[in-house]
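Note: hydrogens, waters and symmetry copies are ignored here, and every other heavy atom, side chains too, is used. Here, residue 1 is the first one in the sequence, and each next residue gets the next number.
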Amino acid sequence: AMSQLTACAFLIGLVIFTCGAAADSDGGAQLIGVKSIANNLIVKGMDVTVQYDIYNVGDKAAMNVQLEEDGFPIDYFAVRSGFQHVRWTRLPPGANVSHTLILTPLQTFVFNASHAVMRYKVSDEATGSTVGYTTSPGEIAVIETADYDRQFSAHAMDWLTFGMMTTPSIIIPFLLWYASVRKYSNLASHSSRKNN
């Protein structure tokens, strides 16, 4: 539900930005960046997937595109996969690129997952770089592993206790039934022998 809401907000923002860019465009590259977190819950010690999508909505190729992520301090996160600083040589008009960063939270805390920075040249002829920003996922809470396990674990101990408590109420009637079936089948076989 959260990712659908993020995607819907991005599409609305993309339409508004594109309409504004078309009106103001000086004929160069224009990048839109979306930063999203794929996990619904952020748990200490468990991997978090951060997805970056960059779209060129301009009419020229963006050159020397750089994505710089400084929103995940090393005191609080360990990088498991991907890079916090990424570079693409060229992003053609109408194209997009994606990058995934996988992190592991080291502590429980509440943090503001702010935007990442995009730096790029609007064309081959441009001398300076343009700075843009991705969207921001906002405030996120990292919860303790025990809280996550309490809510989402298989509850093996609960099921074991349940099984131990219900076993007598199933086994005792079965044993009584089995004993009576054996008793009456033995009586029936004795009486049939006597009659023969």
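Side-chain atoms of Q107 and V142, non-hydrogen and from C-beta on, never get closer than 4.5 Å to each other. Within the 4.5 Å cutoff, no side-chain heavy atoms of M118 are placed close to those of V65.
Checked against side-chain hydrogen bond (donor to acceptor under 3.5 Å, both in side chains), T49 has no partners two or more places apart in sequence or in another chain. Residues satisfying the side-chain contact (heavy atoms from CB on, under 4.5 Å) test with V97, not counting sequence neighbours, are I54, W88, L91. In this view, S123 and K60, E125, A126 satisfy the side-chain contact (heavy atoms from CB on, under 4.5 Å) rule, not counting sequence neighbours. Under the rule for a side-chain contact (heavy atoms from CB on, under 4.5 Å), the partners of L160 that lie at least two apart in sequence or sit in another chain are M157, M164. Partners of I140 under the side-chain contact (heavy atoms from CB on, under 4.5 Å) rule, at least two apart in sequence or in another chain, are I37, I42, F111, A113, P137. Residues satisfying the ring pair (Phe, Tyr, Trp, His ring centres under 6.0 Å) criterion with F83, sequence neighbours excluded, are absent altogether.
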Please tabulate, for side-chain N and O atoms in residues 176-184, each donor-acceptor pair with protein atoms closer than 3.5 Å (sequence neighbours left out).
| unit_1 | atom_1 | unit_2 | atom_2 | d |
| --- | --- | --- | --- | --- |
| S180 | OG | L176 | O | 3.4 |
| S180 | OG | W177 | O | 2.9 |

Residues 67-74 side chain polar contacts: donor-acceptor under 3.5 Å, at least two apart:
| unit_1 | atom_1 | unit_2 | atom_2 | d |
| --- | --- | --- | --- | --- |
| E68 | OE1 | R119 | NE | 3.1 |
| E68 | OE2 | R119 | NE | 3.1 |
| E69 | OE1 | K35 | NZ | 2.7 |
| E69 | OE1 | Y52 | OH | 2.7 |
| E69 | OE2 | K35 | NZ | 3.4 |
| E69 | OE2 | G71 | N | 2.6 |
| D70 | OD1 | H85 | NE2 | 3.2 |

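Shown here for D59 and P93, the closest heavy-atom pair between the two residues is C-CB, 3.8 Å. For S114 against S136, the heavy-atom pair with the smallest separation is CA-OG, 3.4 Å. Minimum heavy-atom separation, G138 to N112: C-OD1, 3.4 Å. Taking all atoms of both residues into account, the shortest heavy-atom contact from A62 to Y120 is CB-CD1, 4.1 Å.
T145 places a side-chain N or O within donor-acceptor distance of the main-chain N or O of K44, the cut-off being under 3.5 Å.
A salt bridge (charged side-chain N to carboxylate O under 4.0 Å, His left out) check over residues 71-97, counting only residues at least two apart or in different chains, returns the pairs D47-R80. Applying the salt bridge (charged side-chain N to carboxylate O under 4.0 Å, His left out) definition to pairs two or more places apart or across chains, none involves residues 168-179. Listed by first then second residue, pairs satisfying side-chain hydrogen bond (donor to acceptor under 3.5 Å, both in side chains) with a partner in residues 163-175 number zero, not counting sequence neighbours.
For the atom pair CD1 of I143 and CZ of F109, the computed distance is 13.0 Å after rounding to the nearest 0.5 Å. Rounded to the nearest 0.5 angstrom, I32 CD1 and T134 OG1 are separated by 12.0 Å. If you take CD1 on I102 and CD on Q51, they are separated by 10.0 Å, rounding to the nearest 0.5 Å.
Under a hydrophobic-cluster definition in which Ile, Leu, Val, Met, Phe, Trp and Tyr are linked whenever side-chain heavy atoms come within less than 4.5 Å, directly or via other members, L175 and I172 are assigned to different clusters. Criterion: ILVMFWY side-chain heavy atoms under 4.5 Å apart, direct or through other members. Under it, V50 and L106 are not part of a common hydrophobic cluster.
Summarising the hydrophobic clusters (Ile, Leu, Val, Met, Phe, Trp, Tyr; side-chain heavy atoms under 4.5 Å, direct or chained), the residues clustered with V117 are V131, Y133.
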